[in-house]
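Each remark here refers to the structure printed beneath this line.
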Number of protein chains: 2
Amino acid sequence: MRNSRSDVVAAALRVLDAQGLEFCSMRRVAAELDVQPSALYHHVADKQTLLALMADEIVGTVDLGSEDPAGICADLRRALLGIRDGADVVATASAFRLGASAVEARLGELLGEDGARTLLLYVFGHAQSTQTQLQARELGVLADGPSPVELDASFARGVGIILDGVRAD
Amino acid sequence: MRNSRSDVVAAALRVLDAQGLEFCSMRRVAAELDVQPSALYHHVADKQTLLALMADEIVGTVDLGSEDPAGICADLRRALLGIRDGADVVATASAFRLGASAVEARLGELLGEDGARTLLLYVFGHAQSTQTQLQARELGVLADGPSPVELDASFARGVGIILDGVRAD
DNA sequence: ACCTGAACACCGTTCAAGT
DNA sequence: ACCTGAACACCGTTCAAGT
């Protein structure tokens with residue numbers, strides 16, 4: 001046995017973190033494993049499937065034991081920001097498997113379906129925008145804009161607004 | 001004068017609506033204009049710039065005169081859903097030019113910055129997810145899931161939750 | 001100013017064939 | 001079961017040259 005499916009996913013996550021989603025091609029993942037591109041298709045149906053598996057891996061670290069929705073959101077955000085372009089990968093992949101995630105189910109128990117959905121969409125959107133901005137800053141494309149600390153605070157305020165709204169229902 | 005910049009943007013929007021974002025390549029936009037791919041670069045710096053111009057066109061139809069945030073959100077959603085993959089195009093493009101949009105400014109006047117940002121991220125996220133689901137259903141990939149009417153209602157409830165939260169602040 | 005033609009360095013995916 | 005090698009049908013972008 002040479003490479004397994006999880007070897008492929010792990011390699012893809014390394015390429016993602018090192019090069020970004022734009023350059024996370026099947027060909028580069030194959031190169032990371034010292035293998036021909038066509039070899040990947042023995043482990044994975046197509047690129048979309050691979051991205052979904054990567055998303056599962058990224059979100060899998062979120063602690064669902066907590067009773068505190070704000071805490072779960074913060075942890076989800078940590079997971080999304082923990083790898084380059086992680087928010088993009090997860091947001092795109094989870095748009096397909098609507099409501100299939102354990103995080104959504106857990107938030108649904110705590111807040112109801114509408115609240116959970118609203119909150120999740122906000123967390124993805126904010127994380128995506130945060131990641132884009134931090135990247136633009138690193139590249140020197142963007143000089144101004146909110147600092148990381150301000151982005152953390154703005155995230156927390158947004159979550160607070162939504163949770164207040166859920167309770168006002 | 002043969003083609004202008006707005007001819008290029010208009011052609012790109014036609015290709016987008018007919019084929020979707022995945023197939024909205026520079027080469028296909030060029031073909032739509034009966035022109036070589038390289039000719040586009042006389043009008044537009046690169047594909048990203050073209051996508052931003054398309055996003056401006058899509059959002060440009062939103063009525064900002066209203067005093068009602070929920071109405072503006074509904075109108076923005078209408079604009080995003082009015083063209084194939086419109087939500088994706090606008091969400092991606094507007095992540096770059098953070099806060100640069102007139103819609104965000106208008107919502108900011110009515111609700112404050114945090115509320116505006118929270119609401120906008122939700123509208124983009126919900127529209128993106130709606131568009132993905134409706135497309136999957138059309139392709140027969142997805143049989144179950146919420147109907148268009150239920151999606152409209154879920155959108156309105158989410159907006160309501162956020163507006164309640166803003167007021168509870 | 002606007003466009004052509006040709007080229008460069010890439011993609012995702014398939015498929016027969018090897019071990 | 002896992003991989004190679006070669007191919008197919010694409011990409012975005014650049015650049016000299018034409019009108």
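None of the values given here were measured: they were computed from a predicted structure. Every chain is numbered from 1 and lettered A, B, ... according to where its sequence line falls, protein lines coming before strand lines.
Rounded to an integer number of Å, the gap from CG of A:L51 to P of C:dG12 is 10 Å. Note: CG (A:D34) to P (D:dC2) measures 18 Å, nearest angstrom. Between the NZ atom of A:K47 and the P atom of C:dC11 there is a distance of 9 Å, rounded to whole Å. Rounded to an integer number of Å, the gap from CG of A:L40 to P of C:dG12 is 9 Å. One interatomic measurement links the two molecules: CG of A:L21 to C1' of C:dC11, which rounds to 14 Å at whole-angstrom precision. Atom OH in A:Y41 sits roughly 13 Å away from atom C1' in C:dC15 (whole-Å rounding).
Side-chain contact check for A:L50 versus A:M26: some heavy-atom pair is nearer than 4.5 Å.
Between A:R84 and A:D17 no salt bridge is recorded (no basic side-chain N to carboxylate O distance below 4.0 Å). Remark: A:R78 engages A:D75 in a salt bridge, criterion side-chain N to carboxylate O under 4.0 Å.
At distances below 3.5 Å, at least one donor-acceptor pair connects side-chain atoms of B:R137 with backbone N or O atoms of B:P146. Although no hydrogens or angles enter the test, the distance criterion places no donor-acceptor pair under 3.5 Å between the side chain of B:E32 and the main chain of B:A11. Counting only distance, with no hydrogens or angles, the side chain of A:E150 and the backbone of A:S147 share a donor-acceptor pair below 3.5 Å. With hydrogens and angles ignored, the 3.5 Å screen pairs a side-chain donor or acceptor of A:R106 with a backbone N or O of A:L64. At least one donor-acceptor pair closer than 3.5 Å links the side chain of B:T132 to the backbone N or O of B:Q128. At least one donor-acceptor pair closer than 3.5 Å links the side chain of B:D85 to the backbone N or O of B:L21.
Comparing D:dT13, C:dT13, D:dA1 by their closest approach to the side chain of A:H42 singles out D:dA1. Of the candidate nucleotides D:dC3, C:dT14, C:dT4, C:dT4 has the atom lying nearest to any side-chain atom of B:Q36. For B:A39, the side-chain atoms get nearest to C:dC3 when compared with the rest of D:dC3, C:dT13, C:dC3. In this structure, of C:dC2, D:dG12, D:dC3, it is D:dC3 that holds the atom nearest to the side chain of A:N3.
Stem analysis of DNA chain C (at least three stacked-register Watson-Crick or G-U pairs, each with both distances under 3.5 Å) gives C:4-8 with D:12-16, C:12-16 with D:4-8.
Judged as a side chain to side chain contact (heavy atoms under 4.5 Å, CB included), and not counting sequence neighbours, the contacts of A:Q19 are A:V15, A:F23, A:R28. With sequence neighbours left out, B:S38 forms a side-chain hydrogen bond (donor to acceptor under 3.5 Å, both in side chains) with no residue at all.
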Considering only distance and modelled atom types, tabulate donor-acceptor pairs under 3.5 Å from the side chains of residues 3-10 of chain A, sequence neighbours left out.
unit_1: A:S4; atom_1: OG; unit_2: A:S6; atom_2: N; d: 3.3
unit_1: A:S4; atom_1: OG; unit_2: A:S6; atom_2: OG; d: 3.2
unit_1: A:S4; atom_1: OG; unit_2: A:D7; atom_2: N; d: 3.2
unit_1: A:S4; atom_1: OG; unit_2: A:D7; atom_2: OD2; d: 3.3
unit_1: A:R5; atom_1: NH1; unit_2: A:H43; atom_2: O; d: 3.2
unit_1: A:D7; atom_1: OD2; unit_2: A:S4; atom_2: N; d: 2.9

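Distances shorter than 4.0 Å separate some side-chain N or O of B:H43 from OP1 or OP2 on C:dC3.
Annotation: C:dA9 and D:dA9 have their P atoms spaced 22 Å apart (nearest Å).
For DNA chain C, the neighbouring residues in residues 22-30 of chain A, judged by any heavy atom under 4.0 Å, are A:S25, A:M26, A:R27, A:R28.
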Protein-nucleotides 16-19 of chain D N/O pairs closer than 3.5 Å?
none

